[in-house]
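Read the structure below first, then the notes.
These numbers come from the heavy atoms of this one structure, side chains and all, not from hydrogens, waters or symmetry mates.
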Amino acid sequence: MARNWDVAEWLDERSERFTAMSDDIWAHPQVALAETYACALQAEALEADGFRVTRNVGDLPTAFMAEWGSGGPVIGFLGEYDALPDLSQKAQPTHDPVVAGGPGHGCGHNLLGTAALAAATALKSWLESTGRSGTVRYYGCPAEETGAGKVFMARAGVFDDLDAAFTWHPWQNNTIWVSSSLAIDHITFRFHGETAHAAGSPETGRSALDAVELMNIGVNFLREHIIEKARIHYVITNGGGQPNVVPAEAEVWYYVRAPERDQVDALTARVRKCAEGAAHMTETRLEVLDAYGVHNYLPSYVLSDLAFDVLSELGPIDFTDEEVAFARTISNAFPETNRRASLRSHDIPLDALNAGLFGGITPMGERGKVLSGSTDVSEVSWITPTVQVL
């Protein structure tokens with residue numbers, strides 16, 4: 001299909017622009033809901049390119065929507081740009097943080113958002129050159145790493161009139177994601193007690209930390225009685241100040257996951273009962289905060305097949321010797337057993353073990369298979385046909 005090669009040529013001619021944007025976002029990493037730099041950078045670039053920009057989508061300061069054209073079809077591209085805590089890193093293959101303990105891009109969202117933006121601008125250019133009707137949208141989506149951004153954007157209705165949504169995520173192979181993901185609930189449980197001197201008058205205290213620990217014990221016993229594919233993780237985000245003071249405040253943050261949304265709902269209800277029981281046992285007050293959920297991913301097989309055909313026609317990526325050497329240094333920092341397991345799990349030939357980079361096109365995975373992660377792209381997939389390139 002000649003038009004695909006025209007698009008590839010268009011992108012090649014502008015690759016320096018998009019590479020510079022990606023590098024700029026890499027150099028200014030910001031965590032979920034604080035991505036002010038990347039949000040402004042992308043919104044202003046699209047505005048200068050003729051897109052109509054709507055900011056603060058879903059009441060999120062770092063979410064925006066850029067739109068060009070009119071009429072149907074309405075095609076959306078989902079971009080992300082949030083970084084992760086404690087992953088600050090110089091642009092080199094060996095570990096060396098720019099700022100110790102600072103944020104950094106561990107999932108390549110500097111690439112993801114920029115590539116989705118590039119796709120939106122390429123489609124806009126194609127519509128202009130052909131005179132065809134249609135509406136192109138780019139969605140600047142914050143906070144994917146915490147699974148939040150698209151939940152609130154979806155609630156605001158900004159995906160409701162889409163005919164299709166496209167996204168991409170950096171991965172170790174080139175294919176289309178046709179598997180599902182785990183639905184998830186994010187919940188923070190905060191307990192309020194009474195402080196006291198832990199040695200002088202412990203009987204007057206009501207320990208919020210005791211409540212957190214008793215809740216966690218209850219949930220850990222609950223694990224025996226949940227479905228095999230469910231997952232529960234937690235981290236204590238506030239455990240008190242010092243040992244000789246009974247903590248009046250303590251907090252624990254939970255992820256509850258399962259293959260289907262209704263399974264998560266049922267499991268979360270039981271986790272909540274563990275929290276309520278812990279509050280009763282310790283005579284503390286329970287407060288539930290930041291409770292929101294994400295569905296399991298519903299891939300569009302029709303769009304996935306079309307995307308895979310185009311991916312196959314474009315063919316493998318040819319990496320330079322310098323790029324391969326850079327990647328091999330990163331890869332070799334991990335144990336060989338880990339690398340072998342990763343290749344097997346993604347159906348990549350084992351002869352790629354020491355290749356550094358694998359540019360080939362691999363077959364799409366098993367349809368209906370449930371992977372172990374969660375993503376807020378799922379929220380869009382329940383609204384409009386969605387395809388995700390890897």
Side-chain angles (χ1 to χ4, degrees), residues 11-12 15-16 18-29 31 38 79-116 118 144-145 167-179 181 307-308 311-312 314-366 369 371-375 377 388-390:
L11 289 168
D12 285 342
S15 62
E16 289 186 5
F18 298 122
T19 299
M21 177 178 285
S22 174
D23 289 348
D24 201 1
I25 296 173
W26 168 275
H28 298 86
V31 296
E80 298 161 10
Y81 33 64
D82 58 324
L84 286 159
D86 303 321
L87 288 184
S88 176
Q89 171 63 25
K90 295 178 181 177
Q92 62 184 49
T94 53
H95 181 236
D96 188 4
V98 178
V99 178
H105 285 280
C107 281
H109 285 188
N110 60 305
L111 300 167
L112 193 171
T114 304
E144 190 278 337
E145 299 290 7
T167 190
W168 169 76
H169 198 289
W171 209 246
Q172 55 196 358
N173 57 320
N174 304 304
T175 190
I176 308 298
W177 185 24
V178 292
S179 301
S181 64
F308 187 78
L311 190 64
S312 300
L314 289 171
I317 300 173
D318 293 322
F319 295 109
T320 66
D321 291 343
E322 182 182 6
E323 290 168 338
V324 170
F326 188 97
R328 187 178 287 123
T329 302
I330 298 173
S331 177
N332 289 343
F334 294 89
E336 183 176 321
T337 53
N338 291 20
R339 287 182 280 142
R340 284 182 178 275
S342 180
L343 292 175
R344 286 194 180 101
S345 68
H346 295 95
D347 298 320
I348 301 175
L350 287 180
D351 57 12
L353 184 65
N354 297 307
L357 284 171
F358 181 74
I361 311 299
T362 56
M364 291 186 285
E366 180 183 344
K369 181 179 179 180
L371 301 183
S372 57
S374 306
T375 173
V377 174
Q388 181 151 299
V389 183
L390 299 177

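- Residues passing the salt bridge (charged side-chain N to carboxylate O under 4.0 Å, His left out) test with Arg340, sequence neighbours excluded: Glu336.
- Residues passing the side-chain contact (heavy atoms from CB on, under 4.5 Å) test with Pro97, sequence neighbours excluded: Ser88, His95.
- Of all the heavy atoms in Thr114 and Met21, the pair that sits closest is OG1-CG, 3.8 Å.
- Shown here are the side-chain contact (heavy atoms from CB on, under 4.5 Å) partners of Thr167, two or more places apart in sequence or in another chain: Leu78, Leu112, Val377, Gln388.
- The two residues Ala355 and Arg328 come nearest to each other via the heavy atoms O-NH2, 3.4 Å.
- In this view, Leu11 and Val7, Phe18, Ala118, Ala122 satisfy the side-chain contact (heavy atoms from CB on, under 4.5 Å) rule, not counting sequence neighbours.
- Between the side chains of Gln92 and Thr94, a donor-acceptor pair is found at a separation under 3.5 Å.
- By the salt bridge (charged side-chain N to carboxylate O under 4.0 Å, His left out) test, Glu323 is found to be paired with no residue, residues two or more places apart in sequence or in another chain being considered.
- Contacts classified as salt bridge (charged side-chain N to carboxylate O under 4.0 Å, His left out) and involving residues 80-95 (residues at least two apart or in different chains) are given here: Glu80-Lys150, Lys90-Asp96.
- Residues satisfying the side chain to side chain donor-acceptor pair (under 3.5 Å) test with Ser374, not counting sequence neighbours, are Arg257.
- Here Trp168 pairs with nothing under the ring pair (Phe, Tyr, Trp, His ring centres under 6.0 Å) rule; sequence neighbours left out.
- Between Pro29 and Trp26, the shortest heavy-atom distance links the atoms CD-O, 3.3 Å.
- Counting heavy atoms from C-beta outward, Trp177 and Leu371 have side chains that approach closer than 4.5 Å.
- With sequence neighbours excluded, no residue satisfies salt bridge (charged side-chain N to carboxylate O under 4.0 Å, His left out) with Asp12.
- Every side-chain contact (heavy atoms from CB on, under 4.5 Å) that Ile361 has, sequence neighbours left out, goes to Asn174, Phe308, Leu311, Ser312.
- Not a single side chain to side chain donor-acceptor pair (under 3.5 Å) links Ser372 to another residue, sequence neighbours left out.
- Pairing each heavy atom of Leu111 with each of Ser22, the nearest pair is CD2-OG, 3.3 Å.
- Contact detail for Gly108 and Pro170: the closest heavy-atom pair is O-CG, 3.4 Å.
- In this structure, the ring pair (Phe, Tyr, Trp, His ring centres under 6.0 Å) partners of His169, at least two apart in sequence or on a different chain, are His109.
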